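Here's the structure we're looking at; comments come further down.
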Amino acid sequence: DSGVTQTPKHLITATGQRVTLRCSPRSGDLSVYWYQQSLDQGLQFLIQYYNGEERAKGNILERFSAQQFPDLHSELNLSSLELGDSALYFCASSVNGIDTDTQYFGPGTRLTVL
Amino acid sequence: QQPVQSPQAVILREGEDAVINCSSSKALYSVHWYRQKHGEAPVFLMILLKGGEQKGHEKISASFNEKKQQSSLYLTASQLSYSGTYFCGTEYGYTNFGNEKLTFGTGTRLTIIP
């Protein structure tokens, strides 16, 4: 158990819909990262937040957005969902959000778009 | 720029050794190694910084060759629990472009048989 929690564990929805994934970092960690893992694309970095501010942005689609709240939990919003958005979405957290930090991954949310 | 991992898959008997390589076409700042078991989240193994240092946890160690822009993960006297997919994640330094953040290789699937 990494100490990072993600909800929900599974999510099934239809194309065109909008969903919100939630992540609570480990106690004391200020930075949160979001990753997408699909069969054809592998593990991809989406976005990073540090203490409520966006720190780095990766291959995140415009239909996706995220934020980190004052209590440090984070939400990833996915809208206008397409079949290709079906994937495992992982959240990770680290203490300072710097390159050499250890990132601890949550158990993931499996999103299925039908 | 996605790092290249080799081999893509390897099958070992318990007690045998394995080497997994991670190569980059760009100068590396750091390399992260993770292991992921099927259906689970990636688990951090170690981080290496440029400078050719070697790190290790008991029978799992790694090296970083800055000149070759390559890192290698060494698993000695493998155990059944070592089975899983090993990912390297590479970073190229501080950047505002975000897509230079941790970039994962496609993984090496390691199977240990009794």
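Order of the sequence lines sets the chain letters (A, B, ...), proteins ahead of strands, with each chain counted from 1. Since this is a predicted model, take the numbers as computed values, not measurements.
- The salt bridge (charged side-chain N to carboxylate O under 4.0 Å, His left out) search around A/R63 returns A/E82, A/D85, not counting sequence neighbours.
- Enclosure of atom CD1 in B/I11 is not indicated, since only 12 or fewer non-hydrogen atoms of other residues, nucleotides or ligands lie within 6.0 angstrom.
- Contact tally against chain B (heavy-atom pairs below 4.5 Å) for A/V4, A/I60, A/L43: the top residue is A/L43.
- When heavy atoms are compared at a cutoff of 4.5 Å, A/S2 does not approach chain B at all.
- Proximity to chain B (any heavy atom under 4.5 Å) is restricted, for A/Q37, to the side chain, taken from C-beta onward.
- Remark: the B/Y74 side chain and the B/S63 side chain contain an N/O donor-acceptor pair separated by less than 3.5 Å.
- Here the options are B/F104, B/F87, B/Y34, the test is ring-ring contact (aromatic ring centres under 6.0 Å, His included), and the partner is A/Y35; only B/F104 passes.
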